[in-house]
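Read through the structure below, which is laid out as C-alpha coordinates, and then see the notes.
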2 protein chains.
Amino acid sequence: MSMEATSPRRTRIQQEKREVILEAALEVFSANGFRGSTIDQIADAAGMSKPNLLYYFRRKEDIHETLMQRLLDTWLAPLRELDDIGDPMTELRSYIRRKLEMARDFPRESRLFANEILQGAPRIISMIEGELKSLVDEKAEIMNGWMRAGKIARTDPYHLIFSIWATTQHYADFDVQVRAVLGPDRGGEGRFEDAARFLEQLFVEGLRPKG
Amino acid sequence: MSMEATSPRRTRIQQEKREVILEAALEVFSANGFRGSTIDQIADAAGMSKPNLLYYFRRKEDIHETLMQRLLDTWLAPLRELDDIGDPMTELRSYIRRKLEMARDFPRESRLFANEILQGAPRIISMIEGELKSLVDEKAEIMNGWMRAGKIARTDPYHLIFSIWATTQHYADFDVQVRAVLGPDRGGEGRFEDAARFLEQLFVEGLRPKG
DNA sequence: CAAATTTTTGACCGGTTGGACAAACGTTAG
DNA sequence: CTAACGTTTGTCCAACCGGTCAAAAATTTG
(Lines give C-alpha, C1' and ligand atoms only; values in the text may rest on other atoms or scores of the structure.)
Protein backbone atom coordinates (compact mmCIF):
# COMPACT_ATOMS: atom_id res chain seq x y z
CA MET A 1 0.00 0.00 0.00
CA SER A 2 2.82 2.39 -0.80
CA MET A 3 1.41 5.70 -1.90
CA GLU A 4 4.28 7.59 -3.45
CA ALA A 5 2.51 10.93 -3.43
CA THR A 6 3.91 12.07 -0.11
CA SER A 7 7.32 10.40 -0.10
CA PRO A 8 8.92 8.23 -2.82
CA ARG A 9 10.08 5.49 -0.38
CA ARG A 10 12.36 3.59 -2.75
CA THR A 11 14.07 0.21 -2.58
CA ARG A 12 17.85 -0.01 -2.34
CA ILE A 13 17.93 -1.37 -5.91
CA GLN A 14 15.67 1.43 -7.10
CA GLN A 15 17.94 4.06 -5.61
CA GLU A 16 21.06 2.51 -7.14
CA LYS A 17 19.58 1.91 -10.58
CA ARG A 18 18.11 5.39 -10.76
CA GLU A 19 21.56 6.79 -10.11
CA VAL A 20 23.05 4.64 -12.86
CA ILE A 21 20.36 5.81 -15.26
CA LEU A 22 20.84 9.47 -14.39
CA GLU A 23 24.59 9.20 -14.93
CA ALA A 24 24.04 7.56 -18.31
CA ALA A 25 21.39 10.11 -19.25
CA LEU A 26 23.72 12.97 -18.38
CA GLU A 27 26.29 11.54 -20.75
CA VAL A 28 23.81 11.06 -23.59
CA PHE A 29 21.69 14.20 -23.16
CA SER A 30 24.69 16.50 -22.85
CA ALA A 31 26.17 15.13 -26.06
CA ASN A 32 23.03 15.00 -28.20
CA GLY A 33 20.44 17.24 -26.59
CA PHE A 34 17.05 16.07 -25.39
CA ARG A 35 15.38 15.40 -28.72
CA GLY A 36 18.60 14.08 -30.20
CA SER A 37 18.86 11.38 -27.55
CA THR A 38 16.95 8.12 -27.54
CA ILE A 39 15.86 5.99 -24.62
CA ASP A 40 17.74 3.10 -26.22
CA GLN A 41 21.01 5.07 -26.11
CA ILE A 42 20.51 5.83 -22.43
CA ALA A 43 19.54 2.25 -21.65
CA ASP A 44 22.64 1.01 -23.46
CA ALA A 45 24.88 3.43 -21.58
CA ALA A 46 23.24 2.35 -18.34
CA GLY A 47 23.71 -1.32 -19.18
CA MET A 48 20.07 -2.33 -19.15
CA SER A 49 17.17 -2.94 -21.50
CA LYS A 50 14.79 -0.19 -22.54
CA PRO A 51 11.72 -1.63 -20.77
CA ASN A 52 13.85 -2.04 -17.68
CA LEU A 53 14.84 1.62 -17.79
CA LEU A 54 11.20 2.60 -18.26
CA TYR A 55 10.42 0.68 -15.09
CA TYR A 56 12.49 3.19 -13.13
CA PHE A 57 11.53 6.30 -15.10
CA ARG A 58 8.12 6.16 -16.69
CA ARG A 59 8.88 8.70 -19.41
CA LYS A 60 11.94 10.15 -21.12
CA GLU A 61 10.97 13.57 -19.83
CA ASP A 62 11.04 12.33 -16.23
CA ILE A 63 14.73 11.53 -16.53
CA HIS A 64 15.47 14.93 -17.98
CA GLU A 65 13.42 16.71 -15.34
CA THR A 66 15.16 14.92 -12.46
CA LEU A 67 18.51 15.73 -14.03
CA MET A 68 17.69 19.41 -14.41
CA GLN A 69 16.44 19.79 -10.84
CA ARG A 70 19.67 18.40 -9.41
CA LEU A 71 21.72 20.36 -11.91
CA LEU A 72 20.60 23.81 -10.89
CA ASP A 73 21.56 23.19 -7.27
CA THR A 74 25.15 22.19 -7.96
CA TRP A 75 25.41 24.74 -10.72
CA LEU A 76 24.55 27.68 -8.49
CA ALA A 77 26.66 26.48 -5.57
CA PRO A 78 29.66 28.71 -6.44
CA LEU A 79 27.49 31.82 -6.53
CA ARG A 80 25.83 30.85 -3.23
CA GLU A 81 29.24 30.82 -1.57
CA LEU A 82 29.92 34.41 -2.55
CA ASP A 83 29.30 36.67 0.45
CA ASP A 84 30.43 40.02 1.78
CA ILE A 85 32.40 38.65 4.73
CA GLY A 86 35.79 38.57 3.05
CA ASP A 87 37.63 41.05 0.84
CA PRO A 88 35.48 41.91 -2.20
CA MET A 89 38.14 41.42 -4.86
CA THR A 90 39.21 38.15 -3.26
CA GLU A 91 35.62 36.98 -3.19
CA LEU A 92 35.19 37.74 -6.88
CA ARG A 93 38.45 36.03 -7.82
CA SER A 94 37.40 32.96 -5.85
CA TYR A 95 34.04 32.92 -7.57
CA ILE A 96 35.60 33.10 -11.01
CA ARG A 97 38.07 30.36 -10.12
CA ARG A 98 35.35 28.07 -8.77
CA LYS A 99 33.16 28.66 -11.81
CA LEU A 100 36.04 27.85 -14.13
CA GLU A 101 36.78 24.70 -12.16
CA MET A 102 33.20 23.62 -12.65
CA ALA A 103 33.53 24.13 -16.40
CA ARG A 104 36.64 21.96 -16.27
CA ASP A 105 35.33 19.24 -13.96
CA PHE A 106 31.67 19.12 -14.96
CA PRO A 107 31.51 19.96 -18.67
CA ARG A 108 28.58 17.61 -19.26
CA GLU A 109 26.46 19.46 -16.72
CA SER A 110 27.39 22.75 -18.33
CA ARG A 111 26.44 21.54 -21.80
CA LEU A 112 23.17 20.07 -20.56
CA PHE A 113 22.31 23.43 -19.07
CA ALA A 114 23.39 25.33 -22.17
CA ASN A 115 21.31 23.05 -24.37
CA GLU A 116 18.22 23.70 -22.29
CA ILE A 117 18.66 27.48 -22.27
CA LEU A 118 19.37 27.53 -26.01
CA GLN A 119 16.04 25.83 -26.68
CA GLY A 120 14.30 28.56 -24.68
CA ALA A 121 14.49 26.75 -21.32
CA PRO A 122 11.01 25.22 -21.81
CA ARG A 123 11.34 22.86 -18.86
CA ILE A 124 13.14 25.05 -16.32
CA ILE A 125 11.92 28.56 -17.04
CA SER A 126 10.11 28.64 -13.69
CA MET A 127 13.31 27.76 -11.83
CA ILE A 128 15.16 30.49 -13.72
CA GLU A 129 12.58 33.13 -12.97
CA GLY A 130 12.34 32.00 -9.36
CA GLU A 131 15.29 30.46 -7.59
CA LEU A 132 18.01 31.66 -9.94
CA LYS A 133 16.74 35.22 -10.26
CA SER A 134 16.38 35.54 -6.48
CA LEU A 135 19.94 34.40 -5.94
CA VAL A 136 21.30 36.80 -8.54
CA ASP A 137 19.27 39.68 -7.10
CA GLU A 138 20.70 38.95 -3.67
CA LYS A 139 24.32 38.77 -4.84
CA ALA A 140 23.93 41.82 -7.06
CA GLU A 141 22.91 43.76 -3.97
CA ILE A 142 26.09 42.65 -2.22
CA MET A 143 28.13 43.88 -5.16
CA ASN A 144 26.28 47.18 -5.12
CA GLY A 145 27.43 47.52 -1.53
CA TRP A 146 31.03 46.91 -2.55
CA MET A 147 30.73 49.60 -5.20
CA ARG A 148 29.25 52.15 -2.82
CA ALA A 149 32.09 51.38 -0.41
CA GLY A 150 34.61 51.98 -3.19
CA LYS A 151 35.95 48.45 -2.98
CA ILE A 152 35.38 47.69 -6.68
CA ALA A 153 34.66 49.91 -9.66
CA ARG A 154 31.10 51.14 -10.13
CA THR A 155 29.40 49.11 -12.82
CA ASP A 156 26.34 46.95 -13.48
CA PRO A 157 26.46 43.91 -11.17
CA TYR A 158 24.01 41.91 -13.30
CA HIS A 159 26.09 42.21 -16.43
CA LEU A 160 29.17 41.51 -14.34
CA ILE A 161 27.64 38.20 -13.28
CA PHE A 162 26.60 37.46 -16.87
CA SER A 163 30.13 38.06 -18.10
CA ILE A 164 31.57 35.71 -15.47
CA TRP A 165 29.08 33.04 -16.44
CA ALA A 166 29.73 33.52 -20.13
CA THR A 167 33.52 33.51 -20.01
CA THR A 168 33.83 30.49 -17.71
CA GLN A 169 31.12 28.31 -19.24
CA HIS A 170 32.58 29.02 -22.65
CA TYR A 171 35.40 26.60 -21.86
CA ALA A 172 32.90 23.78 -21.34
CA ASP A 173 30.22 24.58 -23.90
CA PHE A 174 32.53 25.62 -26.74
CA ASP A 175 35.29 23.21 -25.81
CA VAL A 176 35.62 21.83 -29.34
CA GLN A 177 36.16 25.30 -30.76
CA VAL A 178 38.57 26.33 -28.02
CA ARG A 179 40.73 23.25 -28.52
CA ALA A 180 40.64 23.56 -32.31
CA VAL A 181 41.70 27.20 -32.25
CA LEU A 182 44.43 26.71 -29.66
CA GLY A 183 45.82 23.79 -31.66
CA PRO A 184 47.48 20.61 -30.45
CA ASP A 185 50.27 22.34 -28.49
CA ARG A 186 48.25 24.81 -26.40
CA GLY A 187 44.89 23.02 -26.44
CA GLY A 188 45.85 20.45 -23.78
CA GLU A 189 44.87 20.48 -20.13
CA GLY A 190 46.96 23.61 -19.59
CA ARG A 191 44.32 25.67 -21.36
CA PHE A 192 42.38 26.00 -18.12
CA GLU A 193 45.42 27.40 -16.34
CA ASP A 194 45.89 29.93 -19.14
CA ALA A 195 42.22 30.82 -19.03
CA ALA A 196 42.34 31.28 -15.25
CA ARG A 197 45.31 33.63 -15.54
CA PHE A 198 43.68 35.65 -18.29
CA LEU A 199 40.29 35.95 -16.59
CA GLU A 200 41.88 36.92 -13.29
CA GLN A 201 43.79 39.70 -15.00
CA LEU A 202 40.77 40.85 -17.01
CA PHE A 203 38.38 41.06 -14.08
CA VAL A 204 40.80 42.29 -11.42
CA GLU A 205 42.10 45.11 -13.63
CA GLY A 206 38.68 45.71 -15.14
CA LEU A 207 37.08 46.14 -11.72
CA ARG A 208 39.86 48.00 -9.96
CA PRO A 209 38.20 50.98 -8.27
CA LYS A 210 39.12 54.37 -9.70
CA GLY A 211 41.51 56.15 -7.38
CA MET B 1 21.48 18.24 -70.05
CA SER B 2 22.49 20.47 -67.18
CA MET B 3 25.29 18.95 -65.16
CA GLU B 4 25.44 20.84 -61.90
CA ALA B 5 28.88 19.62 -61.00
CA THR B 6 30.75 22.61 -62.33
CA SER B 7 28.21 25.40 -61.79
CA PRO B 8 24.75 25.20 -60.23
CA ARG B 9 23.04 27.31 -62.95
CA ARG B 10 19.70 27.80 -61.22
CA THR B 11 16.33 29.06 -62.38
CA ARG B 12 14.90 32.28 -61.02
CA ILE B 13 12.30 30.27 -59.12
CA GLN B 14 14.96 27.96 -57.77
CA GLN B 15 17.01 30.84 -56.43
CA GLU B 16 14.00 32.47 -54.80
CA LYS B 17 12.57 29.30 -53.29
CA ARG B 18 15.95 28.22 -51.96
CA GLU B 19 16.21 31.54 -50.13
CA VAL B 20 12.74 31.12 -48.66
CA ILE B 21 13.67 27.63 -47.49
CA LEU B 22 16.95 28.76 -45.95
CA GLU B 23 15.19 31.56 -44.07
CA ALA B 24 12.60 29.11 -42.74
CA ALA B 25 15.27 26.56 -41.87
CA LEU B 26 17.25 29.18 -39.94
CA GLU B 27 14.17 29.91 -37.87
CA VAL B 28 13.44 26.23 -37.17
CA PHE B 29 16.99 24.93 -36.74
CA SER B 30 18.03 27.74 -34.40
CA ALA B 31 15.01 27.10 -32.19
CA ASN B 32 15.10 23.29 -32.08
CA GLY B 33 18.55 22.19 -33.18
CA PHE B 34 19.24 19.96 -36.15
CA ARG B 35 17.87 16.70 -34.81
CA GLY B 36 15.04 18.45 -33.05
CA SER B 37 13.78 19.96 -36.31
CA THR B 38 11.69 18.14 -38.90
CA ILE B 39 11.46 18.71 -42.63
CA ASP B 40 7.74 19.21 -42.19
CA GLN B 41 8.31 22.10 -39.78
CA ILE B 42 10.66 23.79 -42.23
CA ALA B 43 8.31 23.18 -45.14
CA ASP B 44 5.43 24.67 -43.13
CA ALA B 45 7.48 27.73 -42.20
CA ALA B 46 8.48 28.09 -45.84
CA GLY B 47 4.87 27.78 -47.01
CA MET B 48 5.30 24.70 -49.17
CA SER B 49 4.81 20.95 -49.05
CA LYS B 50 7.52 18.57 -47.90
CA PRO B 51 8.09 16.91 -51.29
CA ASN B 52 8.29 20.38 -52.81
CA LEU B 53 10.97 21.39 -50.35
CA LEU B 54 12.86 18.19 -51.09
CA TYR B 55 12.82 19.15 -54.74
CA TYR B 56 15.06 22.12 -53.91
CA PHE B 57 17.20 20.44 -51.25
CA ARG B 58 17.58 16.71 -51.67
CA ARG B 59 18.35 16.01 -48.03
CA LYS B 60 17.79 17.70 -44.68
CA GLU B 61 21.54 17.82 -44.20
CA ASP B 62 21.98 19.80 -47.42
CA ILE B 63 19.89 22.65 -46.00
CA HIS B 64 21.91 22.68 -42.81
CA GLU B 65 25.21 22.55 -44.65
CA THR B 66 24.30 25.47 -46.91
CA LEU B 67 23.19 27.43 -43.87
CA MET B 68 26.42 26.75 -41.99
CA GLN B 69 28.64 27.72 -44.88
CA ARG B 70 26.97 31.11 -45.23
CA LEU B 71 26.89 31.55 -41.49
CA LEU B 72 30.60 31.34 -40.85
CA ASP B 73 31.34 34.08 -43.37
CA THR B 74 29.00 36.66 -41.85
CA TRP B 75 29.85 35.50 -38.38
CA LEU B 76 33.56 36.14 -38.75
CA ALA B 77 33.13 39.43 -40.58
CA PRO B 78 33.60 41.59 -37.45
CA LEU B 79 36.89 39.90 -36.61
CA ARG B 80 38.07 40.25 -40.22
CA GLU B 81 37.63 44.01 -39.97
CA LEU B 82 39.97 44.23 -37.01
CA ASP B 83 43.37 45.45 -38.19
CA ASP B 84 46.36 47.30 -36.84
CA ILE B 85 45.84 50.49 -38.83
CA GLY B 86 43.88 52.39 -36.20
CA ASP B 87 44.40 52.89 -32.49
CA PRO B 88 44.53 49.47 -30.76
CA MET B 89 42.07 50.22 -27.98
CA THR B 90 39.67 51.84 -30.45
CA GLU B 91 39.92 48.77 -32.69
CA LEU B 92 39.11 46.46 -29.82
CA ARG B 93 36.17 48.57 -28.67
CA SER B 94 34.79 48.61 -32.19
CA TYR B 95 35.16 44.86 -32.44
CA ILE B 96 33.29 44.31 -29.18
CA ARG B 97 30.55 46.69 -30.25
CA ARG B 98 30.13 45.05 -33.65
CA LYS B 99 30.04 41.59 -32.10
CA LEU B 100 27.39 42.69 -29.62
CA GLU B 101 25.35 44.20 -32.44
CA MET B 102 25.45 40.86 -34.22
CA ALA B 103 24.14 39.13 -31.11
CA ARG B 104 21.33 41.67 -31.03
CA ASP B 105 20.47 41.68 -34.73
CA PHE B 106 21.17 38.05 -35.65
CA PRO B 107 20.35 35.96 -32.60
CA ARG B 108 19.13 33.03 -34.70
CA GLU B 109 22.46 32.77 -36.45
CA SER B 110 24.23 32.86 -33.10
CA ARG B 111 22.06 30.09 -31.69
CA LEU B 112 22.47 27.97 -34.80
CA PHE B 113 26.22 28.24 -34.42
CA ALA B 114 26.10 27.55 -30.68
CA ASN B 115 23.94 24.51 -31.25
CA GLU B 116 26.42 23.11 -33.72
CA ILE B 117 29.44 23.67 -31.48
CA LEU B 118 27.65 22.25 -28.46
CA GLN B 119 27.08 18.99 -30.31
CA GLY B 120 30.80 18.80 -31.04
CA ALA B 121 30.67 20.68 -34.36
CA PRO B 122 30.35 17.43 -36.34
CA ARG B 123 29.52 19.18 -39.59
CA ILE B 124 31.86 22.18 -39.44
CA ILE B 125 34.89 20.95 -37.55
CA SER B 126 37.01 21.30 -40.70
CA MET B 127 35.98 24.93 -41.13
CA ILE B 128 36.83 25.60 -37.48
CA GLU B 129 40.24 23.98 -37.71
CA GLY B 130 40.92 25.69 -41.02
CA GLU B 131 39.41 29.05 -41.86
CA LEU B 132 38.49 30.09 -38.33
CA LYS B 133 41.75 29.06 -36.71
CA SER B 134 43.79 30.84 -39.40
CA LEU B 135 41.87 34.04 -38.88
CA VAL B 136 42.29 33.89 -35.11
CA ASP B 137 46.00 33.14 -35.45
CA GLU B 138 46.39 36.15 -37.70
CA LYS B 139 44.50 38.53 -35.40
CA ALA B 140 46.24 37.18 -32.30
CA GLU B 141 49.54 38.10 -33.90
CA ILE B 142 48.31 41.65 -34.41
CA MET B 143 47.37 41.82 -30.74
CA ASN B 144 50.77 40.49 -29.76
CA GLY B 145 52.23 43.43 -31.66
CA TRP B 146 50.06 45.84 -29.70
CA MET B 147 51.27 44.29 -26.46
CA ARG B 148 54.94 44.49 -27.43
CA ALA B 149 54.39 48.15 -28.35
CA GLY B 150 52.83 48.76 -24.93
CA LYS B 151 49.51 49.80 -26.42
CA ILE B 152 47.48 47.27 -24.44
CA ALA B 153 48.28 45.17 -21.40
CA ARG B 154 50.31 42.02 -21.92
CA THR B 155 48.02 39.03 -21.83
CA ASP B 156 46.95 35.99 -23.86
CA PRO B 157 45.37 37.18 -27.13
CA TYR B 158 43.59 33.85 -27.74
CA HIS B 159 41.79 33.91 -24.44
CA LEU B 160 41.06 37.58 -24.99
CA ILE B 161 39.26 36.69 -28.21
CA PHE B 162 37.46 33.83 -26.49
CA SER B 163 36.23 36.15 -23.76
CA ILE B 164 34.91 38.65 -26.30
CA TRP B 165 33.09 35.88 -28.16
CA ALA B 166 31.69 34.45 -24.94
CA THR B 167 30.45 37.69 -23.41
CA THR B 168 28.81 39.02 -26.56
CA GLN B 169 27.23 35.81 -27.83
CA HIS B 170 25.88 35.20 -24.34
CA TYR B 171 23.24 37.85 -25.02
CA ALA B 172 21.94 35.90 -28.01
CA ASP B 173 22.43 32.29 -26.89
CA PHE B 174 21.28 32.74 -23.28
CA ASP B 175 18.73 35.42 -24.08
CA VAL B 176 15.95 33.69 -22.16
CA GLN B 177 18.05 33.56 -19.02
CA VAL B 178 19.28 37.14 -19.38
CA ARG B 179 15.75 38.49 -19.76
CA ALA B 180 14.41 36.36 -16.91
CA VAL B 181 17.14 37.50 -14.51
CA LEU B 182 16.90 41.16 -15.45
CA GLY B 183 13.15 41.08 -15.00
CA PRO B 184 10.44 42.97 -16.88
CA ASP B 185 11.80 46.44 -16.16
CA ARG B 186 15.44 46.02 -17.17
CA GLY B 187 15.04 43.09 -19.59
CA GLY B 188 13.71 45.18 -22.48
CA GLU B 189 15.64 46.37 -25.50
CA GLY B 190 17.78 48.58 -23.28
CA ARG B 191 19.66 45.53 -22.03
CA PHE B 192 21.98 45.72 -25.03
CA GLU B 193 22.89 49.31 -24.21
CA ASP B 194 23.63 48.30 -20.63
CA ALA B 195 25.67 45.33 -21.82
CA ALA B 196 27.65 47.53 -24.22
CA ARG B 197 28.49 49.98 -21.46
CA PHE B 198 29.54 47.23 -19.07
CA LEU B 199 31.67 45.35 -21.59
CA GLU B 200 33.39 48.51 -22.77
CA GLN B 201 34.35 49.34 -19.20
CA LEU B 202 35.46 45.79 -18.41
CA PHE B 203 37.69 45.38 -21.44
CA VAL B 204 39.05 48.91 -21.63
CA GLU B 205 40.03 48.97 -17.96
CA GLY B 206 41.03 45.32 -18.00
CA LEU B 207 43.41 45.85 -20.92
CA ARG B 208 44.81 49.23 -19.97
CA PRO B 209 48.59 48.95 -20.28
CA LYS B 210 50.49 49.14 -17.03
CA GLY B 211 52.12 52.52 -16.69
C1' DC C 1 -0.58 26.84 -80.49
C1' DA C 2 2.03 22.68 -78.93
C1' DA C 3 6.04 20.47 -77.18
C1' DA C 4 9.43 20.45 -73.68
C1' DT C 5 10.75 21.50 -69.25
C1' DT C 6 10.17 22.85 -64.56
C1' DT C 7 7.44 22.88 -60.43
C1' DT C 8 4.04 20.96 -57.16
C1' DT C 9 1.50 17.49 -54.84
C1' DG C 10 -0.77 13.13 -52.87
C1' DA C 11 0.26 8.74 -51.80
C1' DC C 12 3.33 5.77 -50.12
C1' DC C 13 7.44 3.27 -47.74
C1' DG C 14 10.94 1.57 -44.55
C1' DG C 15 13.13 2.64 -40.43
C1' DT C 16 13.10 4.67 -35.87
C1' DT C 17 11.21 6.04 -31.52
C1' DG C 18 8.59 6.47 -27.17
C1' DG C 19 6.04 3.71 -24.67
C1' DA C 20 2.67 -0.41 -23.18
C1' DC C 21 2.16 -5.01 -21.53
C1' DA C 22 2.16 -9.51 -19.99
C1' DA C 23 4.87 -13.04 -18.81
C1' DA C 24 9.08 -14.68 -16.73
C1' DC C 25 12.50 -14.35 -13.28
C1' DG C 26 14.43 -13.24 -8.75
C1' DT C 27 14.08 -12.19 -3.87
C1' DT C 28 12.33 -12.02 0.58
C1' DA C 29 9.30 -12.96 4.56
C1' DG C 30 6.31 -16.06 6.94
C1' DC D 1 7.82 -24.40 0.65
C1' DT D 2 5.05 -20.66 -0.93
C1' DA D 3 2.85 -16.45 -1.38
C1' DA D 4 3.83 -11.71 -2.14
C1' DC D 5 6.46 -8.43 -4.03
C1' DG D 6 10.10 -6.42 -6.79
C1' DT D 7 12.78 -6.74 -11.13
C1' DT D 8 13.76 -7.85 -16.00
C1' DT D 9 12.85 -8.86 -20.70
C1' DG D 10 10.71 -10.06 -25.43
C1' DT D 11 7.21 -8.59 -28.08
C1' DC D 12 4.39 -5.45 -29.91
C1' DC D 13 2.25 -0.96 -31.48
C1' DA D 14 1.04 3.57 -33.06
C1' DA D 15 3.10 7.79 -34.24
C1' DC D 16 6.60 10.09 -36.48
C1' DC D 17 10.19 11.04 -39.77
C1' DG D 18 13.24 11.31 -43.81
C1' DG D 19 12.84 10.40 -48.25
C1' DT D 20 10.81 8.32 -52.96
C1' DC D 21 7.84 8.31 -56.93
C1' DA D 22 4.65 8.89 -60.42
C1' DA D 23 1.64 11.85 -62.09
C1' DA D 24 -0.59 16.33 -62.34
C1' DA D 25 -0.09 21.28 -62.85
C1' DA D 26 2.30 25.25 -64.23
C1' DT D 27 5.71 27.48 -66.85
C1' DT D 28 8.88 28.23 -70.48
C1' DT D 29 10.35 27.69 -75.20
C1' DG D 30 10.04 27.19 -80.18
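Proteins come first, then strands; the chains are lettered A, B, ... in the order of their sequence lines, and each starts at number 1.
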### Task
Mind calculating the distance between NE2 (B:H64) and P (D:dG19) to the nearest angstrom?
13 Å

### Query
C:dA22 C1' sits how many Å from A:L54 CG, rounded?
15 Å

### Task
Remember a base hit wins even if backbone is also touched, and classify A:Y56 as base, sugar-phosphate or nothing at under 4.0 Å, heavy atoms.
sugar-phosphate

### Task
Begin from the C-alpha positions of A:E131 and A:R80 and carry the test salt bridge (Lys or Arg N to Asp or Glu O under 4.0 Å) through to its verdict.
CA-CA 11 Å; A:E131 195 181 353; A:R80 283 214 177 81; 3.0 Å; yes

### Query
To the nearest angstrom, how far is B:I42 atom CD1 from D:dG19 atom P?
10 Å

### Options D:dG18, D:dT20, C:dG18, nucleotide nearest the side-chain atoms of A:I39
C:dG18

### Task
Compare all side-chain heavy atoms of B:M89 with those of B:F203 and state whether any distance is below 4.5 angstrom.
no

### Task
To the nearest Å, give me how far apart CG (A:D44) and P (C:dG18) are.
12 Å

### Spacing of A:F57 atom CZ relative to D:dT7 atom C1', expressed in whole Å
16 Å

## Note on the structure
Rounded to whole Å, CZ of B:R59 lies from P of D:dT20 at a distance of 9 Å

### Task
Give a yes/no answer on whether the side chain of B:K50 brings an N or O atom under 4.0 Å of OP1 or OP2 in D:dC17.
no

#### Entry: No-H, no-angle donor-acceptor pair, A:K60 side chain to C:dG19 base, under 3.5 Å
no

### Query
Among D:dT8, D:dG19, C:dG10, which is the nearest nucleotide to the side chain of A:K17?
D:dT8

### Query
Looking at A:N52, does any N or O in its side chain come under 4.0 Å of the phosphate oxygens OP1/OP2 on D:dT9?
yes

### Message
Please report the distance, rounded to the nearest Å, between CZ in B:R18 and C1' in C:dT7.
### Response
15 Å

### Message
Considering only residues two or more places apart or on different chains, which pairs with a residue in residues 170-187 of chain B satisfy side-chain hydrogen bond (donor to acceptor under 3.5 Å, both in side chains)?
### Response
A:D156-B:R186, A:H159-B:Y171, B:S110-B:D173, B:D175-B:R179, B:D175-B:R191, B:R186-B:D194

### Task
Consider the side chain of A:S49, meaning its heavy atoms from C-beta on, and name the nucleotide among D:dT9, C:dG19, C:dT17 that approaches it most closely.
D:dT9

### Task
Could you check B:E23, B:E65, B:E19 and say which one makes a salt bridge (charged side-chain N to carboxylate O under 4.0 Å, His left out) with B:R70?
B:E19

### Task
Return the orientation label for the B:F113 and B:W75 ring planes: parallel under 30°, perpendicular over 60°, tilted otherwise.
tilted

### Task
For A:M48 and for A:R35, find the nucleotide of DNA chain D with the closest heavy atom, then tell me which residue's nucleotide is more 5'.
A:M48

### Nucleotide nearest A:T38 (side chain, heavy atoms from C-beta), chosen from D:dC17, D:dC21, C:dT17
C:dT17

### Message
With a 4.0 Å limit, can you tell me whether A:Q14 has a side-chain N or O closer than that to the phosphate oxygens OP1/OP2 of D:dT7?
### Response
yes

### Message
From CG of B:D40 over to C1' of C:dT9, roughly how many Å is that when rounded to an integer?
### Response
13 Å

### Query
OP1 or OP2 of C:dT8 sitting under 4.0 Å from any side-chain N/O of B:Y55?
no

